[in-house]
Amino acid sequence: MTRLWFRAALLPGGWSERVRVEIEGHRITTVQAGVASEASDEVHGFGLPGLPNLHSHAFQRAMAGRTERRGWAGDNFWSWRTHMYALAQAITPPDLEAIAALAYAEMLEGGFVRVAEFHYVHHDRDGAPFANPAEMAVSLVAAAAATGIGLTLLPVYYANAGFGGLAPSTDQRRFIHDLDSYAQLLEASGRALAGLEDGRLGVAPHSLRAVTPEALDSLTRLQPDGPIHIHIAEQTQEIEDCLAWSGLRPLAWLMQNQPVDERWCLVHATHAEAGELALIASSAAVVGLCPITEANLGDGVFPGADFLALNGRFGIGSDSNVLIDAAHELRLLEYGQRLLRRERNVLSSLADQGTADQIYAAAGVGGAQALGAPVDTLSPGAAATFISLDDRDPSLLGSSPDEIIGRWVFAARRPVVDCVWRRGRKVVSGGRHLARSAIVARYQDALGRLRA
Ligand SMILES: [Zn+2]
C-alpha cells in the first residue's frame, strides 16, 4: 500500500486541507481529510485530478518551433501543412514511437494524464500498407505504455483531398483508406490496444473535406460505443469550400446530416455561428478546443463565452504539440476571450469560484466524455490517477486552496506539476518523467534519422 499526504487536495466536494490518500494496486482505497501526516506518509503539496488531452497528433512534436518563419507568399495553416506533410512522409514506426514517447512524457509533466491520439499516418513511406495495418498505431501504444499515459486511440479515416470526393494527392498517400481497409485498420488497432490496461478505441473521420457523406454514415456505425472525433470549422477556407459544395457551413451541415450526440468531439469548431453553437450545445457533443495550436496556426478564436452561456461542453487538446502544457492551454483559452471582448474573467459563470477553477473542472468533465473515459476524481474506488503541484514554487507560496488553480494557470512562470500518478504508478517526480533521459535520447536519435 502507498500512503500519500497532501497539504491540500481537490476532492469531489472541493478543496480540503491535510488529506491522506491510500492506494492499493491501481485504485484509491481511502481518502481522509483534516488529518496530520505520519512518518510513513509520502508528503506532497497540492493534489488534484489531472486533465484529459482530447486532441493530439504526436508526430508533429518533431516540428515544434521549426515553422516560425514567414515565407515570401505569406503564411497560414495551408503553408504550415506543407511542412507537416514533409515530416509525415518521412517518419518510420521507430521514429513515431520515439517522438510520441517524448510528447506523452511532456503531456504528463504538463498536467495531462490521458490523451486522444488522432492518428492518420498509417501506411509505409511509399503509401503501401504495412503487413500489420496498425503498425504505426503499435508505435503509439508502445509510447503510451512506456510513459504510462492513458490512451484513447482514434484511427483516422482519410479518403479525399477536398469536398465532393476529390481524389487524394500523392503527399497524402500514407493516410488513405477505403471503408474495407479502414475496418481492418480498426480491428488491428483494437488488437494493438489490448496490451494497455485502460486503452480506448474510437473512430475519426478526418474532416468533412476528407470523407464523403456516404463514408461518414458507415464510419459512425463501426464502433457503436466508442467516441467519434472530427476536425471541423477550423479554417475560413474550409467554410467557403463547404458552402460552395453544399450551401451550408460545415457545422450546420454536420448537425443536419448526422445524429451528433455525446459520443462526438467536434475538434476546433472555431468558426461557429450563433445557431450552430446552439445546435452543438443541445446535442451534448464536446467541442475540442486547442488554443495554443489555434493561435500558432492563426485559425481564429472560438466564441467560448457564447457557448458556455448555452451550457456547451468543451475540453482542451494540445493538437500540433508545438508547446505541451495544460495550464498554458487554459490561460490562452481565457485570454483569447478577454482580448475579443475587452473584459476580464470571461469564461466564468460563478462569482464565488475562480475562473481557472471553473474551466479546469469543465475541461476535466468534457475531456473525459470525449475520450470515452471516466472522470478522474480523488475518491475511494477511483483509479489512482492524479497530479501534485509544488507548493514551494514561488507562484504557489502562501496560496489558499481556492487560489491554487488560478495561480497555476495565470501566474506560474514554469511548470509547477511536481508528481503524477497514473493508475497507482508514479510516472513523474520532481517535475520530470521518470524515464525522461532515455526518452530524450531516443527522440534525439529519431531527429537525427529524420534530418539525415
Ligand atoms: Zn488536429
Side-chain angles (χ1 to χ4, degrees), residues 52-64 67 76-88 91 96 99-100 103-104 106-107 112 114-122 136-137 140 151-162 171-172 174-175 202-211 219 227-239 242 250-251 254 264-272 285-302 314-324 326 328-329 332-333 363 366-367 370-371:
N53 177 356
L54 57 57
H55 191 66
S56 160
H57 309 285
F59 79 92
Q60 293 177 14
R61 176 63 183 81
M63 61 185 283
T67 61
N76 59 21
F77 171 87
W78 306 100
S79 50
W80 170 84
R81 195 179 75 161
T82 307
H83 293 286
M84 184 270 283
Y85 274 11
L87 174 63
I91 53 172
L96 180 60
I99 299 165
Y104 294 167
E106 289 183 340
M107 286 174 199
F112 290 118
R114 210 178 162 90
V115 60
E117 181 66 29
F118 197 100
H119 165 52
Y120 59 86
V121 182
H122 301 299
M136 296 293 271
L140 294 167
L151 178 67
T152 293
L153 181 63
L154 303 165
V156 172
Y157 178 86
Y158 203 119
N160 309 106
D171 55 6
Q172 294 168 332
R174 301 190 71 178
F175 317 157
V203 297
H206 178 273
S207 55
L208 291 183
R209 64 176 190 273
V211 305
L219 291 167
I228 305 168
H229 289 223
I230 186 168
H231 287 131
I232 192 153
E234 178 183 9
Q235 299 296 322
T236 48
Q237 178 76 50
E238 174 196 346
I239 309 288
C242 190
L251 284 162
L254 185 74
W264 287 73
C265 177
L266 310 180
V267 181
H268 305 300
T270 310
H271 301 284
V286 171
V287 168
L289 302 174
C290 309
I292 294 175
T293 297
E294 289 153 7
N296 184 268
L297 297 180
D299 289 344
V301 181
F302 176 73
F314 74 92
I316 53 166
S318 63
D319 193 359
S320 69
N321 295 315
V322 61
L323 182 99
I324 298 173
H328 266 275
E329 294 288 358
L332 193 54
L333 174 62
L371 270 65

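Counting starts at 1 for both ligands and their atoms, following the listed order. Bear in mind the structure is a predicted one, so any value in this text is a computation, not a measurement.
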Check: His231 ring centre within less than 6.0 Å of Phe118 ring centre: yes
Close aromatic pair by centroid cut-off 6.0 Å: His271 and His268: no
The Zn ion (ligand 1) to nearest N/O/S of His55 less than 2.8 Å: yes
Contact check: His57 to the Zn ion (ligand 1), N/O/S below 2.8 Å: yes
The Zn ion (ligand 1) to Asp319: nearest N/O/S atom name: OD1
Atom name, His231 (N, O or S, nearest to the Zn ion (ligand 1)): NE2
Parallel, tilted or perpendicular, as decided by the 30° and 60° cut-offs, for the rings of His206 and Tyr158: tilted
Aromatic plane relationship, His57 with His55 - under 30° parallel, 30 to 60° tilted, over 60° perpendicular: perpendicular
